[in-house]
Amino acid sequence: MTDRRKFIKDSCTACVGMLAFSSLASLLSSCASIPVYSTSVRDNLIQIPLTSILPDEKMKIIRSKTLAYDILLILKEDKNHISFLMKCTHQDNILVATNKGFTCNLHGSNFNLNGDVLNGPASRPLKKLKTIEEENSINIYLS
């Protein structure tokens, strides 16, 4: 009887460990691939120099100490870039960005890369920020 209990306990411990490892690996792989660019805000404008963007980059997280939320910059080949405030429209929680969209870890809302709600409880799309590529930079306007 003791051997059976030990076997069940050891098997359950191994399963839980494998599940935790695979969940952590999945989470890290989904967010680690988006580079972060730290900058400052001046006159409600963020300027990202084109020299800071690698040729194969599709996205960049923009971070500033003066902003409560990060911004996800989605880089388009046609230069019609899109930026979203990474703030859930349900209860203002910080969103996690992946290569497929955004997730709110507080209540489970999901958004696609167009900012549209895929799963609630959020019902409104993400705040899109005016984003224009000019001569030497990509400008994101906060207001």
Side-chain angles (χ1 to χ4, degrees), residues 4-143:
R4 183 172 182 234
R5 284 189 192 148
K6 183 178 181 335
F7 173 76
I8 291 171
K9 179 182 173 190
D10 290 347
S11 297
C12 289
T13 301
C15 287
V16 169
M18 287 180 5
L19 180 63
F21 177 76
S22 66
S23 296
L24 180 61
S26 173
L27 180 64
L28 290 175
S29 69
S30 68
C31 65
S33 62
I34 303 175
V36 176
Y37 179 76
S38 296
T39 187
S40 58
V41 178
R42 191 176 325 154
D43 298 326
N44 285 321
L45 173 67
I46 295 174
Q47 291 188 302
I48 299 106
L50 290 177
T51 56
S52 70
I53 298 184
L54 299 175
D56 60 338
E57 279 185 324
K58 303 285 187 222
M59 297 180 197
K60 197 175 261 312
I61 293 174
I62 310 303
R63 183 168 292 156
S64 173
K65 292 179 183 178
T66 58
L67 295 177
Y69 300 92
D70 288 342
I71 295 168
L72 182 68
L73 170 62
I74 301 171
L75 300 157
K76 305 278 189 171
E77 287 183 25
D78 63 4
K79 299 184 181 185
N80 290 318
H81 312 302
I82 306 170
S83 295
F84 293 101
L85 190 63
M86 293 174 57
K87 174 183 174 183
C88 185
T89 57
H90 174 239
Q91 288 190 345
D92 299 340
N93 192 52
I94 295 171
L95 295 174
V96 175
T98 69
N99 291 322
K100 296 181 181 181
F102 304 85
T103 301
C104 177
N105 289 333
L106 188 59
H107 295 115
S109 294
N110 289 300
F111 304 84
N112 64 20
L113 290 175
N114 292 321
D116 301 319
V117 178
L118 297 175
N119 297 328
S123 59
R124 294 182 324 260
L126 296 179
K127 181 178 181 180
K128 188 185 273 190
L129 302 170
K130 181 179 176 182
T131 305
I132 299 173
E133 182 173 325
E134 296 190 3
E135 204 170 298
N136 298 317
S137 65
I138 296 174
N139 296 335
I140 301 173
Y141 297 86
L142 301 178
S143 58

Working to the nearest 0.5 Å, report the span between [atom1] of [X] and [atom2] of [Y].
{"X": "Leu129", "Y": "Ile132", "atom1": "CG", "atom2": "CD1", "result": "12.0 Å"}
{"X": "Leu126", "Y": "Lys87", "atom1": "CG", "atom2": "NZ", "result": "11.0 Å"}
{"X": "Ile62", "Y": "Leu85", "atom1": "CD1", "atom2": "CG", "result": "12.5 Å"}
{"X": "His107", "Y": "Cys88", "atom1": "NE2", "atom2": "SG", "result": "9.0 Å"}
{"X": "Asn93", "Y": "Thr103", "atom1": "CG", "atom2": "OG1", "result": "11.0 Å"}
{"X": "Ile48", "Y": "Thr131", "atom1": "CD1", "atom2": "OG1", "result": "8.0 Å"}

Quick one: side chains of residues 34-42, donor-acceptor pairs under 3.5 Å with protein atoms, not counting sequence neighbours, listed by atom name and distance.
none

Does any part of the side chain of [Y], heavy atoms only, come nearer than 4.5 Å to the side chain of [X], both counted from C-beta?
{"X": "His90", "Y": "Leu106", "answer": "no"}
{"X": "Met59", "Y": "Glu57", "answer": "no"}
{"X": "Ser109", "Y": "Phe102", "answer": "no"}

- Test log, rule side-chain contact (heavy atoms from CB on, under 4.5 Å), inputs Lys58 and Asn99: CA-CA 9 Å; Lys58 303 285 187 222; Asn99 291 322; over 6 Å; no

- Taking it one step at a time, do Thr89 and Phe111 satisfy side-chain contact (heavy atoms from CB on, under 4.5 Å)? CA-CA 10 Å; Thr89 57; Phe111 304 84; 3.8 Å; yes

Acceptor/donor pairs from residues 135-143 side chains to any protein atom, 3.5 angstrom cut, sequence neighbours excluded:
{"from": "Ser137", "atom 1": "OG", "to": "Asn139", "atom 2": "OD1", "distance (Å)": "3.0"}
{"from": "Asn139", "atom 1": "OD1", "to": "Gln47", "atom 2": "NE2", "distance (Å)": "3.2"}
{"from": "Asn139", "atom 1": "ND2", "to": "Glu134", "atom 2": "OE1", "distance (Å)": "3.3"}

- Inspect the surroundings of CG in Asp43 and state if more than 12 heavy atoms from other residues, nucleotides or ligands are less than 6.0 Å away. no

Can you give the donor-acceptor pairs under 3.5 Å from side chains of residues 67-78 to other protein atoms, not counting sequence neighbours?
{"from": "Tyr69", "atom 1": "OH", "to": "Asp92", "atom 2": "O", "distance (Å)": "2.6"}
{"from": "Asp70", "atom 1": "OD1", "to": "Arg63", "atom 2": "NE", "distance (Å)": "3.1"}
{"from": "Asp70", "atom 1": "OD2", "to": "Arg63", "atom 2": "NE", "distance (Å)": "3.2"}
{"from": "Asp70", "atom 1": "OD2", "to": "Arg63", "atom 2": "NH2", "distance (Å)": "2.8"}
{"from": "Asp78", "atom 1": "OD1", "to": "Asn80", "atom 2": "N", "distance (Å)": "2.9"}
{"from": "Asp78", "atom 1": "OD2", "to": "Asn80", "atom 2": "ND2", "distance (Å)": "3.2"}

